[in-house]
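Heads up: the structure comes next, in structure tokens.
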Amino acid sequence: MERPRIAGILETAVYVDDMAVAHAFYADCLGLKRMVAGERLYAYDAGPGQALLVFHRGHTGDDVETPGGIVPGHDTTGRSHFAFRIEVGQLQPWRDYLRENGVEITSEVVWPAGGTSIYFSDPDGNVLELAAPPLWPNFLA
């Protein structure tokens with residue numbers, strides 16, 4: 001049997017200790033629109049067909065029964081990581097914006113392919129990245 005094709009990543013997730021603080025960061029600071037708000041999960045629009053899931057750490061380990069089926073439990077400890085895609089021309093505006101909003105840029109990397117990444121953390125220490133192309137061979141400008 002031929003392997004079916006994967007069409008992309010639909011969701012990525014981080015786990016946080018304080019949902020209100022996380023919402024202030026992701027919605028107010030980064031400007032993401034919240035699509036779902038629940039006790040254990042906030043879902044944000046991270047671009048066309050993409051969602052950032054912010055889970056309440058310690059509240060997602062049990063399976064959740066829904067009318068459509070059971071969602072398996074999951075959780076994590078420690079810092080996680082994900083990257084937002086940005087345009088090359090947005091690197092300096094993001095640097096300026098983060099600094100103006102008291103978000104410390106922890107690192108900046110220029111990749112062998114020529115792309116640039118800006119790294120910073122959310123209030124829970126999760127490592128976020130703003131990545132401008134080209135980064136990966138499949139990262140189209």
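Sequential numbering from 1 along the given sequence is applied to the chain's residues.
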- Under a 4.5 Å cut-off applied to non-hydrogen side-chain atoms, are T66 and V71 in contact? yes

- Message: Can a donor-acceptor pair be found, under 3.5 Å and without considering hydrogens, that links the side chain of H74 to the backbone of G61?
- Response: no

- Note on the structure: dist E129:CD -> S121:OG (nearest 0.5 Å) comes out at 12.0 Å

- Message: Using the salt bridge (Lys or Arg N to Asp or Glu O under 4.0 Å) criterion, which residues pair with R95? Sequence neighbours excluded.
- Response: E108

- Task: Can you establish whether the number of heavy atoms outside Q92 located under 6.0 Å from its atom CD is more than 12?
- Result: yes

- Could you tell me whether a side-chain N or O of D63 sits under 3.5 Å from a main-chain N or O of I70, the two making a donor and an acceptor? no

- Item | Backbone of G47 reached by a side-chain donor or acceptor of D45 within 3.5 Å | yes

- Query: D75 side chain to R57 main-chain N or O, any donor-acceptor pair under 3.5 Å?
  - Reply: no

- Check: T116/W111 side-chain N/O donor and acceptor closer than 3.5 Å: no

- Task: Check for a donor-acceptor pair, side chain of D124 on one end and backbone N or O of D17 on the other, with a separation under 3.5 Å.
- Result: yes

- Are V14 and V127 grouped together when hydrophobic residues (ILVMFWY) are joined by side-chain heavy atoms under 4.5 angstrom apart? no

- Report the C-alpha separation of I86 and W94 in whole Å, then their side-chain angles, then the decisive distance to 0.1 Å, and conclude whether the side chain to side chain contact (heavy atoms under 4.5 Å, CB included) test is met. CA-CA 9 Å; I86 63 170; W94 270 109; 3.8 Å; yes

- Report yes if some heavy atom in the side chain of L52 is under 4.5 Å from a heavy atom in the side chain of F82; otherwise report no. yes

- Measure up the Y44 and Y26 rings against each other and bin them: parallel (under 30°), tilted (30 to 60°), perpendicular (over 60°). tilted

- Check whether any side-chain heavy atom of N126 lies under 4.5 Å from a side-chain heavy atom of Y15, and answer yes or no. no

- Message: Please give me the minimum heavy-atom distance between A113 and P134, naming the atom from each residue.
- Response: O-CG, 3.0 Å

- Message: Is there a side chain to side chain contact (heavy atoms under 4.5 Å, CB included) between F25 and V103? Walk through the geometry before answering.
- Response: CA-CA 10 Å; F25 182 77; V103 178; 4.0 Å; yes

- Task: Rounded to the nearest 0.5 Å, what's the gap from CG on L53 to OH on Y42? Could you check?
- Result: 13.5 Å

- Task: Given side chain to side chain contact (heavy atoms under 4.5 Å, CB included), test S117 with L135 step by step and report yes or no.
- Result: CA-CA 8 Å; S117 293; L135 206 82; 3.5 Å; yes

- Message: With a 4.5 Å cut-off on side-chain heavy-atom distances among I, L, V, M, F, W and Y, is there a chain of contacts connecting F55 to L32?
- Response: no

- Note on the structure: So CG of L130 and CG of L30: to nearest 0.5 Å the spacing works out to 7.5 Å

- Message: If hydrophobic clusters are built by linking Ile, Leu, Val, Met, Phe, Trp and Tyr wherever their side-chain heavy atoms come under 4.5 Å apart, do L91 and Y119 end up in the same one?
- Response: no

- Task: Supply the atom-to-atom distance C29 SG to L98 CG, rounded to the nearest 0.5 angstrom.
- Result: 6.5 Å

- Do H59 and E39 have a side chain donor and acceptor closer than 3.5 Å? no

- Item | Nearest atoms (heavy-atom pairs only) where A51 meets M35 | CB-CE, 4.0 Å

- Task: Mark yes or no for whether N101, through its side chain, and Y97, through its backbone, hold a donor-acceptor pair below 3.5 Å.
- Result: yes

- Approximate separation, where rounding is to 0.5 Å, of F120 CZ and I105 CD1: 8.5 Å

- Item | Spacing of NE2 belonging to H56 relative to CZ belonging to R40, to within rounding of 0.5 Å | 11.5 Å

- With a 4.5 Å limit on heavy-atom distance, are the side chains of V16 and V21 in contact? no

